[in-house]
Amino acid sequence: MKLLEIKDLTIHYVLDEDTVEAVNHIDLALEKGEALGLVGETGAGKTTTALGILGLIPDPPGKVISGEIIFEEENLLTKSAGQMRKIRGEKISMVFQDPMTALNPVLTVGDQISEVIKLHQNIPIAEATARACQMLEMVGIPAERINEYPHQFSGGMKQRVVIAIALACNPTLLIADEPTTALDVTIQAQVIDMIRDLRAKIGTSMLLITHDLGVVADICDKVAIIYAGEIVEYGNLTHIYNETAHPYTKGLFGSLPRLDIMVNRLNPIPGIMPDPTDLPQGCSFAPRCLNKCDRCDIEPPQNHEISPGHIVRCHLYAEDADDCREVK
Amino acid sequence: MSTMSVSAAKKIPKKKSRFAETSRLFAKNRLAVIGLIVLILLALVAIFSNQIAPYGEDEQNLRNTLQTPSAEHIMGTDNLGRDVFSRIVYGSRISLVVGFISVGIGLAIGGGLGAIAGYFGGRSDNIIMRVFDMMMAIPSMILAIAICAALGPGMLNTMIAVGFSTVPNYARVVRSAVLTVKQQEFIEAAHATGSSNVRIILKHILPNCLAPIIVQASLGVAGAILSAASMSFIGLGVQPPTAEWGGMLSAGRTYVRNQPHLVLFPGIAIMMTIFSLNLVGDGLRDALDPRLKR
């Protein structure tokens, strides 16, 4: 059963002078219990997608132009503010990028965890506090630290608290927005391990937003590569890592250092992301693409399913694209 | 899970209440404690004026005017032979009440509207702040005089007038503090946990804005006492013969050359109140900020 299905979602930021096309016609699906990695560069529209699911796009300037977000068979985009408030935190919760700023400095961590519980479940305060202790222990923090303030915790510990808050109501979907980006590598590994263990324990589905392909390989079942607000490649781990199809995904792998091959220089993708207020007419990736052909400048590519469940948005895989393949 | 919760429940240290925690931290700040003691003494003086004052509030003795301090009148007497000490004791009632209530009025209205303007932004911000800009274009003293003149003299009307004329100041302070805090990620995180706007303002934003609000309010009490004094000076505030520090100050002005004690003692009383309030305000601000805990 599909837990979350995003269809043709388009989100723009309408500014005075121009429009930022942050998310353009993306389709995503997430099965119950699965973890989906959403990978892309800075500014590719990852966070906008996540905020779109939660209904937290700042409006103005943000506008959902089209599409549907179907969560547990209901379209979230048609829900009222009050209904969304009930869903946020209870059914869908979010882990933020920077644990240093995601906690309220003047409330104890216990208060912040039990607040979510009190907000969504009608239980006595003592019980909410007990549950907060339980959550703290679950993320590996001794329960006696419940009355301490965020500044008394280290960065990794704070991120654990943030995760405890997100999981406090047993959400069915957890959105993690670059949960490890602000942490150093050893703590990253700890947090990733913890997320994986907790997911195994409570069976929450997860949408993991990151630019780290290594982390995705570690904990996700499916991967969506996003570029300039479009999903350019979507598939399971084998599809993306072993049968890489889209030139952009290939470029991403090319720019990663590898342990098994000796290289002197990494192979970054040339150029920068197109200005989201002025996207190219054809394929957004065309200006940087090594396999570019004439068609790419004129006509936006369609989705092509090259093997079951492996979808690529590129002219290379169109049936009538021989001219492109020749160049390659 | 259940075994874990049992073991967890045992280990949890008892949570100290916010009040206990704050007062413990406050007690560490010696100056603030001194300020608080002075304030409490002043409050006691105000409550027990009848017992403390050796003479009546408007007990005149025209054969004994403009005396310098002596054993009989420890702060001397004024131009009508009234005991200055007794009048200061009685005046503390009016001055303290006027000071605190006016700030309360200003803070409640200005703070509330400022928080709304800062949090929601856009049109509500524009409407609220433009109205306050118009109010600020009128000097607050003139505004207070106008309000007081419209409502008529008297203590309650003075408080309303003084409180109302300071509303824009509080609104600006609160709004700017809210704007800074609103940008922080934990506010977005609070949205993501499904908190309502009211809850976010009250629980997440305002506690993080306390520092500038407390400073502004403790300075504001001083300003309010002085404004109330000016109101009585021009005959719109508390009416004579009711004793009030500001009124005594302005009445003593005429005699400042030969009988400086007439302005000295009410002045000292106002200064002590304001100084101790500022100390308490500073201490409170530090005690309420968990990041400063040592």
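Chain A is the first sequence line, chain B the second, and so forth, proteins listed ahead of strands; every chain is numbered from 1. Every value quoted in this text rests on a predicted model; they were computed, and no experiment measured them.
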Subject >> Chi angles and distances behind the side chain to side chain donor-acceptor pair (under 3.5 Å) call for A:Gln190, A:Arg160 >> reply: CA-CA 10 Å; A:Gln190 284 179 16; A:Arg160 286 164 188 263; 3.0 Å; yes
**OP:** Identify which part of A:Val116 has an atom lying under 4.5 Å from any heavy atom of chain B, answering side chain, backbone, both or neither.
**Re:** side chain
**OP:** Using non-hydrogen atoms and a 4.5 Å limit, figure out which bit of A:Leu51 sits close to chain B: side chain, backbone, both or neither.
**Re:** side chain
**OP:** Check each atom of A:Ile175 against the heavy atoms of chain B and say whether the ones under 4.5 Å are side chain, backbone, both or neither.
**Re:** neither
**OP:** Measure the spacing between CG of A:Leu136 and CD1 of A:Ile165 and express it to the nearest 0.5 Å.
**Re:** 9.0 Å
Original post:
Measuring heavy-atom distances to chain B, does A:Leu103 have an atom under 4.5 Å in its side chain, in its backbone, in both, or in neither?
Top reply: backbone
Subject >> Residue part contacting chain B, namely of A:Gln112, when any heavy atom lies under 4.5 Å >> reply: neither
Original post:
Who among B:Ile187, B:Asn208, B:Val181 has the most heavy-atom pairs with chain A under 4.5 Å?
Top reply: B:Asn208
**OP:** Against chain B, work out which of A:Asn104, A:Val106, A:Thr101 has the most heavy-atom pairs shorter than 4.5 Å and name it.
**Re:** A:Asn104
**OP:** Measure the OG-CG distance between B:Ser195 and B:Leu202 for me, rounded to the nearest 0.5 Å.
**Re:** 11.5 Å
Original post:
Are B:Asp133 and B:Arg172 ion-paired here, with the side-chain N under 4.0 Å from a carboxylate O?
Top reply: yes
**OP:** To the nearest 0.5 angstrom, please state how far the CD atom of B:Glu188 sits from the CD atom of B:Gln183.
**Re:** 10.5 Å
Subject >> Inter-residue atom distance B:Leu143.CG - B:Met134.CE, 0.5 Å rounding >> reply: 12.0 Å
**OP:** Specify which of A:His120, A:Met100, A:Met84, A:Met94 makes the most heavy-atom pairs with chain B at under 4.5 Å.
**Re:** A:His120
